[in-house]
Structures are given as C-alpha cells and as structure tokens.
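For reference, the structure is listed below as structure tokens.
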Amino acid sequence: MRDVLWQTWLNCGYFLTVAASGFFLYKLCAPFVRPRKGRFWKVLLFLLLAGSSGMVIWIGDPNLLYTLPVFFALFFLSTRGDRVGRLAVCIIFFCLEMSVCAFLDSYVERINDLFYDMLVRLARPLVFGPLWLLLRRRLPREPVVLSRRLWKLVLGLAAMPLCALVAVVLLTFRRYESAEVYAVAMNQGMVVLPFVFLTSLVLLFAILILADHERLEQAERLTGLREVYYQGLRQQETQVRRLRHDLRNHLTAVRGLLEQGDEQGAIGYLDQIAGSPALRGTRRLCENEAANAVLTAKAEAMEREGVAADFAVSLPRDLPVADMDLCALLGNALDNALEGTRDAGERRITVRCKADKGLFMLRVENTLGGAVQPDLATTKADKAAHGFGIPGMREIAERYGGTLDAGAREGAFELVVCLPLTGQSGKCGR
C-alpha cells in the first residue's frame with residue numbers, strides 16, 4: 001500500500017513538473033510566435049512544449065529522432081504567421097528543450113543514481129523557470145515582427161545548434177557497444193549540449209535585437225515621410241506670405257490693365273494669380289495624421305511622375321492600428337502601384353481607403369506596364385530600402401486578423417486589404 005501511495009505521489013509530482021516546465025516555456029515562446037486563434041490551439045501549443053520537456057533524451061538514444069517530426073508538425077499546426085519565422089523559432093525552441101533534457105538525463109544519473117528519476121524531473125522546471133524570469137523584462141508584449149530576409153538569416157543560424165544536437169545525440173547511437181565510444185560520446189555531450197543551449201539563447205536575443213532594429217527603421221521611414229509632408233506645408237506657407245507681400249503690386253497691375261481697356265490682359269493676369277501654388281490650399285487627404293503624411297508624400301511623387309491619381313480616403317484621427325503598421329501598408333501599396341505603372345501606356349492609380357463599421361479597407365488599383373513577379377515582390381534593385389513587398393503586408397494583415405488579396409486582372413493590378421478594427425467585427429470583404 002505504501003509503495004502504491006509513493007508511486008502515486010511520484011506520478012503527481014511528475015505531471016506538476018511537466019506542467020510547470022510547459023508554463024515557463026509557453027511564456028518564453030509567446031513573444032516569438034503567434035498561436036492560432038482559439039483557446040484550443042493555445043492549449044495544444046502549451047501541451048506540446050510541456051510534453052516535449054518531459055521527454056527522456058539520452059546521448060546515443062533514438063528518442064530525439066522520434067520527437068523531432070512530432071514537435072515540428074504540432075508546432076506548425078498550432079501557430080500562424082510567416083512560415084520561415086515559425087520554422088526558425090521552432091528549431092530554436094526544440095534545441096533549447098532537447099539540450100536541457102539530454103544533458104540532465106545523460107549526466108544526472110552519473111551524479112546520483114539513487115534519486116535519478118526525482119532529480120531529473122525537478123531539474124527541468126528549475127532550469128526553464130529561472131530562464132523565463134531572467135528574460136521576461138526583455139520580452140516584448142506582442143510577438144516580434146521581422147522581414148522575410150531577416151527570418152531567413154535567423155533560420156540559417158538556427159541550423160547550427162540543430163546539427164550539433166543531432167550529431168551528439170543521434171550519431172553516437174551505438175555508444176554502448178564500446179567503452180571507448182561511450183567515453184567519447186559523453187565527453188562530446190559535456191561540451192556540445194551546453195553549446196546548443198547557449199546558442200539557442202543567443203538566437204532568441206538576436207531576434208529581439210533585430211526586431212528592435214526593424215521598428216527603428218520603420219519609425220525612421222515614418223519620420224522621413226512626415227518631414228516631407230511638413231516641408232511641403234512650410235513651402236506653402238512661404239508662398240502665401242510672398243503672395244500677400246506682393247498683393248498690392250498685383251492689384252496695381254490689374255488696375256492698370258483695366259484702365260488701359262485691356263480686359264483680356266487683366267483676366268489673363270488674374271488667371272496667373274489664381275494658378276499660384278499658394279492659392280491651392282493645404283492638401284488634406286484624411287484626418288489621420290500618419291496616413292495623411294504618407295498619402296500626401298506619395299501623391300506628390302505621382303504628380304511629379306505624371307501619374308493620374310484618384311484618391312478617396314476617409315480615415316479618422318484615431319485608429320486601433322499602429323502608425324508604423326498603417327504607414328507600412330499604405331506606403332508599400334502605393335510604392336508598388338507607382339512601380340507597376342512605370343512602363344504602362346496610361347499611368348493611372350486609384351486609391352480607396354476608409355474605416356467604417358469596424359473595418360479598415362484599402363483598395364489600390366494601378367495600370368500595368370509589365371509582368372508581375374511570381375511572389376508579388378518589388379522589382380527594385382535596392383529591396384531593403386523600398387519596403388518589404390506583399391509578404392510583409394500580408395503578415396501585418398494576418399497579425400490584425402485581416403486579409404490581403406492581390407493579383408493582376410485585365411491589364412491592371414489590384415490590391416485589397418481588410419482589417420477588423422474591433423474584436424467583434426464582421427467578415428472582411430470588398
């Protein structure tokens with residue numbers, strides 16, 4: 001009876017330690033990846049992290065090989081967002097967990113064989129818990145956002161700890177057949193497993209640093225657009241002051257023409273004054289300051305290039321969309337449209353944007369002068385300096401629970417973005 005009670009307590013303790021490890025790992029993972037919408041997917045991700053943290057992984061044991069495909073499949077099933085980013089984060093957390101499990105299971109037995117089972121169960125949350133507490137102040141509240149090219153960089157770096165982990169755990173499968181092989185395998189594990197753990201942590205920090213860099217770049221782009229907008233306002237103000245200063249001279253000139261009976265000359269002179277940029281007024285395409293700065297700058301660029309632009313924008317001063325995300329959507333959509341009309345016979349861009357009934361809707365249509373890239377990405381040589389194309393815009397739309405549709409139709413390219421502005425919004429549509 002006593003043995004049964006003891007075993008029951010051990011089993012309860014095992015599930016508690018697994019749940020604690022899952023909690024800490026979920027808290028650590030949440031800032032790097034987005035679970036799918038719905039409580040079921042969050043629970044699935046938690047159970048995946050908790051269950052994998054309880055796996056018994058020895059150096060030279062094939063358990064890692066069986067765990068790897070299950071971990072990857074369930075991780076992708078329970079998360080959403082950029083596939084490259086999810087794969088990179090999946091590899092990092094797999095290496096992080098498995099390096100800890102393999103180290104504890106392989107070496108704690110050599111320290112204390114009597115309490116081996118109890119020690120390895122307790123050690124896991126004692127590693128993951130302090131790790132989360134150490135990093136939680138550095139972790140962002142919202143999942144990090146990186147461009148596809150940076151995620152590819154992180155994915156390439158993540159292959160290093162994964163290969164090292166697989167090499168030290170799986171390639172020593174027959175270590176028990178020889179004392180020499182066993183000794184070499186255990187010595188390698190003492191070095192490689194901490195290396196895998198530390199490399200995974202460094203990659204998590206690298207993702208946070210790259211995300212901060214991306215935010216600063218977007219903020220700099222927004223600042224540049226606002227500077228262009230305010231420079232235009234200052235130029236218009238200077239023109240108004242100059243016109244006011246010269247108004248007396250203009251009136252004198254018109255009066256002289258009328259006194260001489262040159263009515264046509266007076267009318268022509270008045271038409272010149274009426275066509276002055278100072279009398280055109282300040283361009284205001286919408287009430288939202290950030291959006292207006294982007295739209296105004298892009299509209300002026302279209303005018304300079306001789307593109308016929310038709311804007312109909314109705315956005316309120318305040319929107320539940322971050323300024324950087326809003327400017328990224330508008331700026332990239334209009335950049336792509338302007339680029340798409342470069343070689344078109346008739347250069348025309350139509351922009352429709354409004355926030356109504358809990359939905360943000362953007363539709364940009366432009367004439368085409370050439371073939372569209374298969375991935376709908378920019379064809380500019382300096383891609384880093386010209387936004388991040390359709391994939392990055394689609395990531396923003398998915399992050400807000402919205403949709404993005406884009407494609408070429410009958411000599412024109414159309415892009416439609418729909419974002420719900422409230423949690424209880426209707427379906428996104430045209």
Side-chain angles (χ1 to χ4, degrees), residues 29-42 45 76 78-86 89 139-148 150-151 207 210-212 214-219 221-222 225 286-295 313-337 351-364 376-377 387-407 414-430:
C29 182
F32 296 94
V33 70
R34 285 181 183 275
R36 291 187 184 274
K37 286 191 172 183
R39 186 173 299 177
F40 171 80
W41 301 111
K42 294 180 180 179
L45 181 60
F76 264 75
S78 58
T79 58
R80 58 190 172 96
D82 187 280
R83 290 188 180 89
V84 177
R86 289 155 64 198
V89 174
L139 299 176
R141 293 183 178 181
E142 293 292 326
V144 296
V145 178
L146 293 182
S147 62
R148 175 62 67 90
L150 291 181
W151 276 129
I207 292 174
L210 290 174
D212 290 339
E214 287 270 284
R215 282 193 291 269
L216 289 175
E217 278 192 346
Q218 290 185 7
R221 293 191 194 109
L222 177 57
L225 289 169
C286 70
E287 294 300 318
N288 186 278
E289 180 185 350
N292 191 65
V294 176
L295 294 170
V313 182
S314 177
L315 295 177
R317 183 177 299 274
D318 297 317
L319 276 174
V321 179
D323 283 352
M324 287 188 292
D325 291 333
L326 180 61
C327 292
L329 284 173
L330 294 173
N332 280 277
L334 297 181
D335 280 342
N336 292 342
V351 181
R352 298 290 182 265
C353 185
K354 66 178 180 178
D356 186 33
K357 298 179 181 178
L359 294 176
F360 167 88
M361 289 166 285
L362 168 66
R363 185 173 71 87
V364 179
L376 303 179
F388 42 51
I390 300 296
M393 298 171 66
R394 180 171 284 113
E395 190 280 329
I396 293 177
E398 291 177 351
R399 182 149 36 91
Y400 285 91
T403 59
L404 183 148
D405 295 316
E414 183 183 52
L415 179 141
V416 178
V417 179
C418 181
L419 307 181
L421 299 180
T422 61
Q424 302 291 330
S425 61
K427 293 183 179 180
C428 290
R430 298 185 191 180

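Keep in mind it's a predicted model, so treat the numbers as computed, not measured.
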### Message
Under 4.0 Å between a side-chain nitrogen and a carboxylate oxygen: does that hold for Arg80 and Glu398?
### Response
no

#### Entry: Pro316 vs Glu287 side-chain heavy atoms within contact, under 4.5 Å
no

### Side-chain heavy atoms of Arg363 within contact of Val416, under 4.5 Å
yes

### Query
Is the closest side-chain heavy-atom distance between Val89 and Trp151 below 4.5 Å?
yes

### Query
Would you say Asn292's side chain and Cys286's backbone share a donor-acceptor pair under 3.5 angstrom?
yes

### Query
With a 4.5 Å heavy-atom cut-off, do Leu419 and Leu359 have their side chains touching?
no

### Query
How close do Lys37 and Gly401 get, heavy atom to heavy atom, and via which atoms?
NZ-CA, 3.6 Å

### Task
State, to 0.1 Å, how close Tyr400 and Pro320 come at their nearest heavy-atom pair, and which atoms those are.
CE2-O, 3.8 Å

#### Entry: Arg83 atom CZ, neighbour heavy-atom count above 12 within 6.0 Å
no

## Note on the structure
Shortest non-hydrogen pair, Ser78 vs Trp41, comes out as CB-O, 3.6 Å

### Message
Evaluate Asp325 against Arg399 for side chain to side chain contact (heavy atoms under 4.5 Å, CB included), listing each step before the verdict.
### Response
CA-CA 10 Å; Asp325 291 333; Arg399 182 149 36 91; 3.1 Å; yes

### Non-hydrogen side-chain atoms of Val417 and Thr403 separated by less than 4.5 Å
no

### Query
What are the two closest non-hydrogen atoms of Cys418 and Met361, and how far apart are they?
SG-CG, 4.2 Å

### Task
Keeping the roles fixed (side chain from Arg86, backbone from Phe76), state whether a donor-acceptor pair exists under 3.5 Å.
yes

### Intermediate values then yes/no, side chain to side chain contact (heavy atoms under 4.5 Å, CB included), Arg148 and Val84
CA-CA 7 Å; Arg148 175 62 67 90; Val84 177; 3.6 Å; yes

### Query
Are the side chain of Asn332 and the backbone N or O of Ala328 linked by a donor-acceptor pair below 3.5 Å?
yes

### Query
Would you say Leu329 and Ile396 make side-chain contact, with heavy atoms under 4.5 Å?
yes

### Message
For Leu330 versus Cys353, what's the shortest heavy-atom pair and its separation?
### Response
CD2-SG, 4.4 Å

#### Entry: Pairwise distance CG(Leu315) to CG(Leu326) - rounded to 0.5 angstrom
6.5 Å

### Task
Could you tell me whether the side chain of Met393 reaches within less than 4.5 Å of the side chain of Asn336, counting heavy atoms only?
yes

### Message
Looking at every non-hydrogen atom in both residues, tell me the closest pair between Lys42 and Pro35 and how far apart they are.
### Response
CG-CB, 3.8 Å

### Query
Out of curiosity, Leu45 CG to Phe40 CZ, how far, rounded to the nearest 0.5 Å?
11.5 Å

### Message
I'd like to check Pro140 versus Pro31 (side-chain heavy atoms, cut-off strictly below 4.5 Å). Are they in contact?
### Response
yes

### Message
Regarding Asp82 and Arg394, does a basic nitrogen lie under 4.0 Å from an acidic carboxylate oxygen?
### Response
no

